[in-house]
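All residue numbers refer to positions in the sequence shown, counting from 1.
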Amino acid sequence: MSFSFKQSGLATCMNVTNSGFHKRLISTICSRSSFSPCLNLQNPERRNLSVSKPLHISSIEKINEKKPVFECKAFEADKSQPIEVEVKSEAAKRLKIGIYFATWWALNVVFNIYNKKVLNAYPYPWLTSTLSLACGSLMMLISWATRIAETPKTDFEFWKTLFPVAVAHTIGHVAATVSMSKVAVSFTHIIKSGEPAFSVLVSRFLLGETFPPSVYLSLVPIIGGCALAAVTELNFNMTGFMGAMISNFAFVLRNIFSKKGMKGKSVSGMNYYACLSLLSLLILTPFAVAIEGPQLWAAGWQKALSEIGPQFIWWVAAQSIFYHLYNQVSYMSLDEISPLTFSVGNTMKRISVIVSSIIIFHTPVQPINALGAAIAILGTFLYSQAKA
């Protein structure tokens with residue numbers, strides 16, 4: 001093995017100007033290096049020596065101390081440290097995504113349970129939808145005012161591109177709430193699992209996009225499973241069915257508008273959804289007042305309080321809070337993972353909601369109905385894999 005020391009680096013480190021110091025340095029190196037011949041540093045024409053492995057100087061000690069002048073280590077010796085750090089950071093990232101997913105699913109299940117409880121006692125989906133958006137908007141305004149969350153930097157162009165996204169989000173949110181006010185939560189989510197079919201059809205016929213045959217084939221079990229579940233649903237309601245279908249179409253448009261309009265924007269997932277909630281609230285409120293109105297809301301509120309008691313207020317607050325939280329966490333998850341992983345997570349979320357709602361509300365399910373739901377969900381999973 002041979003070494004390489006450049007004059008500039010050595011001079012910078014030690015600033016050798018005294019010839020006596022220079023000789024002592026040479027003798028020290030020679031005496032300490034039992035594995036190599038003495039290095040001739042006195043010849044000014046040979047200041048560089050070849051090196052088989054790059055070395056670095058980790059420390060320099062005083063000559064009069066009985067310690068090595070140099071402590072040289074091969075570069076390969078420290079090569080394992082970055083790998084260990086990288087492995088640890090990857091494990092931490094996986095743990096973070098796992099926590100996001102578990103929180104997302106749990107919050108979504110809780111929201112759907114309380115939302116259905118509220119709608120059973122207070123069948124006003126337009127007001128219920130408005131309260132969900134209002135609660136989330138208020139939570140984020142307080143977070144920005146108290147500096148808990150960083151205030152997003154937006155301009156007129158940002159809100160302009162967000163507007164069509166907010167319109168589609170508002171329609172999808174209200175349509176899903178109307179659906180759940182008319183049919184079981186499980187049935188609404190079975191129909192909503194057919195959203196990939198709407199995504200492909202809208203992209204194909206409105207945007208002219210083409211997909212591989214595997215994507216089109218994955219739509220067969222989705223459409224077939226949803227149709228089988230709808231036909232065999234014991235408590236089928238056309239309004240509830242159409243609400244879920246309209247919600248699918250609206251959310252597909254929301255995703256398309258979001259992808260096209262938000263390219264290059266630096267707003268984080270949490271703040272992006274907060275801005276979306278604020279704008280959707282402004283859009284929805286006048287329609288909710290016109291369609292249902294304060295008189296119906298007041299009469300229904302008194303009836304619900306008399307039948308349920310004060311806990312009804314907690315139901316309304318819980319469904320509003322958990323609606324915002326589960327959507328916020330889902331957008332935060334999308335910041336950390338790929339769209340494919342998010343799609344698989346969304347499929348698993350629907351399974352958890354369907355199963356938990358059937359258990360909690362004792363929803364009667366026929367075997368053929370359960371088979372249709374399983375086929376539709378399996379098709380959704382196959383679609384996410386085919387899109388990859």
Side-chain angles (χ1 to χ4, degrees), residues 105 108-109 111-120 123-126 128-129 132-133 167-202 219-256 280 284 287 291 319 323 326-327 330 343 346-358 360-361 363-366 368-381 383-384:
W105 297 340
N108 190 258
V109 168
F111 157 71
N112 278 278
I113 291 170
Y114 278 108
N115 190 46
K116 185 59 177 176
K117 283 177 174 287
V118 170
L119 291 172
N120 285 341
Y124 298 100
W126 287 81
T128 304
S129 302
S132 301
L133 295 173
V167 171
H169 178 73
T170 304
I171 295 172
H173 175 41
V174 173
T177 309
V178 169
S179 175
M180 283 193 281
S181 70
K182 300 295 183 181
V183 296
V185 175
S186 56
F187 180 70
T188 297
H189 279 273
I190 290 171
I191 301 304
K192 283 179 67 63
S193 65
E195 185 177 319
F198 284 83
S199 179
V200 171
L201 295 175
V202 169
L219 301 183
V220 176
I222 295 176
I223 297 172
C226 288
L228 183 61
V231 170
T232 58
E233 174 65 26
L234 295 176
N235 300 314
F236 180 83
N237 179 281
M238 183 56 71
T239 302
F241 175 75
M242 291 305 299
M245 296 289 280
I246 293 172
S247 177
N248 282 340
F249 182 72
F251 282 142
V252 167
L253 292 180
R254 179 194 66 179
N255 295 338
I256 292 174
S280 295
L284 176 57
F287 288 96
I291 293 172
Q319 73 92 27
Y323 172 79
Y326 102 77
N327 275 287
S330 71
S343 179
N346 201 37
T347 303
M348 300 303 294
K349 177 204 74 175
R350 297 208 186 281
I351 295 175
S352 62
V353 171
I354 291 170
V355 173
S356 61
S357 64
I358 290 174
I360 291 173
F361 294 108
T363 306
V365 180
Q366 293 180 324
I368 192 71
N369 184 265
L371 177 62
I375 293 173
I377 292 171
L378 175 62
T380 304
F381 176 78
Y383 165 81
S384 65

Distance, nearest 0.5 Å, that separates [atom1] of [X] from [atom2] of [Y]:
X    : Y    : atom1 : atom2 : answer
I351 : S193 : CD1   : OG    : 9.5 Å
I246 : F251 : CD1   : CZ    : 12.0 Å
T128 : L133 : OG1   : CG    : 11.0 Å
Y124 : I291 : OH    : CD1   : 14.0 Å
L378 : L371 : CG    : CG    : 10.5 Å
H189 : N112 : NE2   : CG    : 3.5 Å

Quick test of your reading: applying salt bridge (Lys or Arg N to Asp or Glu O under 4.0 Å), list the pairs with at least one residue in residues 184-197, sequence neighbours left out, ordered by first then second residue.
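Found E195-R350.
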
Is there a side-chain contact between [X] and [Y] in this structure, where contact means two heavy atoms from C-beta onward sitting under 4.5 Å apart?
X    : Y    : result
N248 : V252 : no
T177 : S129 : yes
Q319 : L119 : no
S186 : S357 : yes
V200 : Y383 : yes
V353 : F111 : no
I377 : I354 : yes
W126 : L284 : yes

Shortest non-hydrogen contact from [X] toward [Y]:
X    : Y    : value
I375 : P221 : CG2-O, 3.3 Å
I191 : C226 : CD1-O, 4.0 Å
T232 : L228 : OG1-O, 2.8 Å
I113 : F361 : O-CZ, 3.5 Å
I222 : A197 : CG2-CB, 4.5 Å
F187 : A230 : CE1-CA, 3.6 Å

All ring pair (Phe, Tyr, Trp, His ring centres under 6.0 Å) counterparts of F198, not counting sequence neighbours
none

Once you measure the plane-to-plane angle for H169 and H173, does it fall in the parallel (<30°), tilted (30-60°) or perpendicular (>60°) bin?
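Plane angle under 30°, so parallel.
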
Just checking K182: does its NZ atom have more than 12 heavy atoms from other residues, nucleotides or ligands closer to it than 6.0 angstrom?
no

With distance as the sole criterion, is a donor-acceptor pair present between the side chains of S179 and T188 under 3.5 Å?
yes

Only distances under 3.5 Å count here; give the side-chain donor-acceptor pairs of residues 234-243 to other protein atoms, sequence neighbours excluded, each with its distance to 0.1 Å.
unit_1: N237; atom_1: OD1; unit_2: T239; atom_2: N; d: 2.9
unit_1: N237; atom_1: OD1; unit_2: G240; atom_2: N; d: 3.0

